[in-house]
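Let me begin by presenting the structure, written as structure tokens, before commenting on it.
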Amino acid sequence: MVKHIFVTGGVVSGLGKGLTASSLGRLLKARGLQVTLQKLDPYLNLDPGTMNPFEHGEVYVTEDGGETDLDLGHYERFIDENLTVDSNATTGSIYRAVLDAERRGEYLGKTVQVIPHITEEIKRRISRLAVEGTDVVITEIGGTVGDIEILPFLEAIRQFRLDVGRSNVCYVHVTLIPYIGPSGEQKTKPTQHSVTELRSRGIQPDAIVCRSDDAISTDLKRKISSLCDVEPRAVVNAADADSLYDIPLVIRDEGLDEVVVEILDLPDVEPDLSDWHELVRKVSAATFPTRIGVVGKYVALPDAYLSVVEALNHAGFYHGCDVQIDWIQAEESEGLLAAGRLSDLDGIVIPGGFGERGVEGKIAAARYARENDIPCLGLCLGMQVMTIEWARSGLGLEGANSTEFDPQTPYPVIDLMDSQRDIIEKGGTMRLGAYIAQLAEGSMVAKAYGTTVVSERHRHRYEFNPAYRKRFDASSLHCSGTSPDGRLVEFVELEDHPFWVGTQAHPEFKSRPTKPAPLFNAFMGASRDRAEGRNPHLLVLPDPEQVGSNPGN
């Protein structure tokens with residue numbers, strides 16, 4: 001029988017339910033269990049795909065093309081498993097499924113209600129992941145207990161325990177222990193109120209994860225245990241850690257996985273965390289300062305580029321780099337160029353995005369990186385602005401642009417392909433999910449991946465215009481990776497440059513802390529080389545135990 005863990009949160013949002021779920025998933029996988037995770041979001045959007053990044057951070061893309069919540073990125077990075085579109089559901093998608101069923105007559109003319117129709121659909125979404133071979137499904141409920149919009153989800157998971165049996169369900173509640181400065185005390189009252197609210201919905205938590213600035217005392221744990229009717233050892237503390245990758249080890253030390261294993265009657269096997277301990281060692285050893293400029297439109301909210309940052313960190317751990325992100329607003333980058341602001345960077349990343357705002361600033365940053373031998377990695381739109389920059393500067397195509405930004409451009413080096421027009425005409429909007437690319441033998445990207453056939457995830461509408469490919473390939477900027485049929489350009493790279501590479505894909509989505517994305521790994525290697533050249537007095541010999549072989553694709 002598949003076991004289910006439901007993670008809820010109380011007091012305030014942003015406590016780290018997703019990281020708690022991810023960390024618990026990692027611990028259970030380390031015990032030899034097959035684990036998958038799911039996020040249920042209470043907002044009415046059908047998915048995050050059309051949401052402004054300032055609203056909800058980045059849109060994470062799964063292998064099968066699902067546009068999902070960013071927490072799925074944490075899930076995949078921690079358990080090192082590919083999730084699917086079924087791993088994320090919103091209130092909007094659930095209501096749409098129920099209403100579509102009503103229109104088809106599946107309810108035989110009955111009154112459609114939140115209970116049982118909406119709650120049954122929620123339970124169906126949960127059960128959909130309980131496939132053969134899966135041992136544990138961890139489901140995170142978005143929002144905060146007390147929010148009106150999550151009530152149907154709480155009712156559904158309350159019922160779920162009755163449906164599948166009490167020994168097959170465990171409820172984990174994440175809450176806050178605030179510190180009151182003037183009195184010098186940590187307070188449990190918010191946790192008490194949060195658990196009371198949860199219990200009023202018929203759910204008694206089996207374990208409480210207490211988030212705090214500093215460690216809480218044993219007496220405080222006993223107090224929470226007594227007032228919330230939870231066993232003392234099931235009150236665990238997740239105090240702020242130096243790195244998010246410390247969290248699995250923190251909650252392991254607190255015994256959360258042992259509590260969950262006992263409640264669910266799972267095999268009590270000692271977890272093998274040797275690879276995670278090695279990761280944490282590399283994190284602490286990554287001390288060589290390396291400044292990376294991220295030139296984007298949404299830099300006021302770093303979560304808009306969460307996977308990019310984590311991919312940089314993963315590659316940084318591998319190269320012993322303390323990655324220091326310099327957030328650069330794309331609309332201001334041209335002014336920063338004039339002020340010499342970018343000259344101190346060791347590398348520049350130009351991430352994806354949609355819309356015209358800030359594009360000229362990104363083009364200017366790409367030009368500066370090219371002319372000053374600064375390693376530059378372009379992702380999705382980043383590759384497109386690098387293409388535009390070279391068309392203007394290297395090929396002399398004045399006014400070259402993407403038809404997304406200038407429909408009347410005389411040189412549409414980026415345009416909608418016929419295949420994309422077909423997708424749009426059929427009701428779709430983008431090329432989404434994993435696509436295979438063929439890399440040119442001996443190219444920089446082939447060397448980075450260690451192979452000539454790769455698969456990366458995509459999320460875009462516009463493509464490199466093949467009508468201009470011969471001009472590019474005859475110049476110093478080559479199309480070094482294409483779709484297997486050769487029609488779509490997936491990678492471009494500039495010869496005689498330390499690293500000036502763009503990809504139409506989003507390799508950041510497949511990066512793992514123990515297996516850095518190959519393209520990011522190569523970029524950080526070039527960036528560290530530049531940092532060493534600029535700061536030779538900081539150069540230290542690499543730890544032979546830390547530096548391994550290329551992590552590959």
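Along the sequence shown, residues are numbered consecutively beginning with 1. What's counted below: heavy atoms across the whole structure, side chains too, no hydrogens, waters or symmetry copies.
Side-chain atoms of Glu456 and Tyr449 include a donor-acceptor pair closer than 3.5 Å. A donor atom on one side chain and an acceptor atom on the other are not found under 3.5 Å apart for Glu67 and Tyr60. Checked by atom type, the side-chain pair Asp219/Ser217 shows no donor-acceptor distance below 3.5 Å. Side-chain contact annotation: Ser443 with Ser480, donor-acceptor N/O pair under 3.5 Å absent. In summary, the side chains of His506 and Ser307 do not present any donor paired with an acceptor at a separation below 3.5 Å, with no hydrogens or angles considered. Under the 3.5 Å distance criterion, with hydrogens and angles disregarded, a donor-acceptor pair is assigned to the side chains of Gln38 and Thr139.
When all heavy atoms of Met383 and Val492 are compared, the pair lying nearest together is CG-CG2, 3.7 Å. In plain terms, the two heavy atoms of Ile251 and Asp257 that are nearest each other are O-OD1, 4.2 Å. The shortest heavy-atom contact between Leu345 and Ile292 is CD2-C, 4.3 Å. Contact detail for Arg392 and Ile363: the closest heavy-atom pair is NH1-CD1, 3.9 Å. Closest non-hydrogen pair, Pro289 versus Asp346, comes out as O-OD2, 4.2 Å.
Ion pairing between a basic and an acidic side chain is recognised when a charged N comes within 4.0 Å of a carboxylate O; Glu262 and Arg233 show such pairing.
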I would like to know whether Ser212 and Asn237 meet side chain to side chain donor-acceptor pair (under 3.5 Å); could you show each step before the answer?
CA-CA 7 Å; Ser212 60; Asn237 183 205; 3.0 Å; yes

Audit row: Glu490, Tyr435, side chain to side chain donor-acceptor pair (under 3.5 Å) steps and yes/no:
CA-CA 10 Å; Glu490 297 281 15; Tyr435 287 83; over 6 Å; no

List the steps and the verdict of side chain to side chain donor-acceptor pair (under 3.5 Å) for His478 and Glu495.
CA-CA 8 Å; His478 307 297; Glu495 64 183 41; 2.6 Å; yes

Quick one, Glu310 with His74, criterion side chain to side chain donor-acceptor pair (under 3.5 Å). Give me CA distance, side-chain angles, the key distance, then yes/no.
CA-CA 10 Å; Glu310 289 310 307; His74 288 311; over 6 Å; no

Test ring-ring contact (aromatic ring centres under 6.0 Å, His included) applied to His314 and Tyr245, step by step:
CA-CA 11 Å; His314 301 163; Tyr245 298 112; 5.7 Å; yes

Go through Val501 and Val445 one step at a time and tell me if the side chain to side chain contact (heavy atoms under 4.5 Å, CB included) criterion holds.
CA-CA 8 Å; Val501 175; Val445 292; 3.6 Å; yes

Residues Lys221, Glu254; criterion salt bridge (Lys or Arg N to Asp or Glu O under 4.0 Å); working and verdict:
CA-CA 12 Å; Lys221 289 184 180 181; Glu254 287 283 310; 2.6 Å; yes

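Looking only at distances, a side-chain donor or acceptor of Asp246 sits under 3.5 Å from a matching main-chain atom of Ser243. Using a distance-only test at 3.5 Å, with no hydrogens or angles considered, a donor-acceptor pair links the side chain of Asn372 to the main chain of Tyr368. The backbone N or O of Gly296 lies less than 3.5 Å from no partner atom in the side chain of Tyr305, so there is not a single donor-acceptor pair. Judged by distance alone, with hydrogens and angles left aside, the side-chain atoms of Asn82 form no donor-acceptor pair with the main-chain N or O of Glu63 at under 3.5 Å. Between the side chain of Asp272 and the main chain of Ser274, a donor-acceptor pair closer than 3.5 Å is present. No donor-acceptor pair closer than 3.5 Å links the side chain of Arg528 to the backbone N or O of Gly316.
To the nearest 0.5 Å, the span separating CE on Met386 from CG on Leu379 amounts to 9.5 Å. Note that CD of Gln329 is 10.0 Å distant from OH of Tyr298, once rounded to the nearest 0.5 Å. Of the inter-residue distances, the one linking Trp390 atom CH2 with Phe472 atom CZ reads 9.0 Å to the nearest 0.5 angstrom. Note that NZ of Lys29 is 11.0 Å distant from CG of Leu37, once rounded to the nearest 0.5 Å. Interatomic distance, Asp71 CG to Glu140 CD, rounded to the nearest 0.5 Å: 4.5 Å. Note that CD1 of Ile247 and CG of Asp240 are 9.0 Å apart. Values are rounded to the nearest 0.5 Å.
A tilted orientation is assigned to the rings of Trp500 and His497, their planes being inclined by 30° to 60°. Taking the six-membered ring for Trp and thresholds of 30 and 60 degrees, Phe78 and Trp276 have ring planes inclined between 30 and 60 degrees apart.
The six-membered or imidazole ring of His460 lies away from that of Phe354, with a centre-to-centre distance of 6.0 Å or more.
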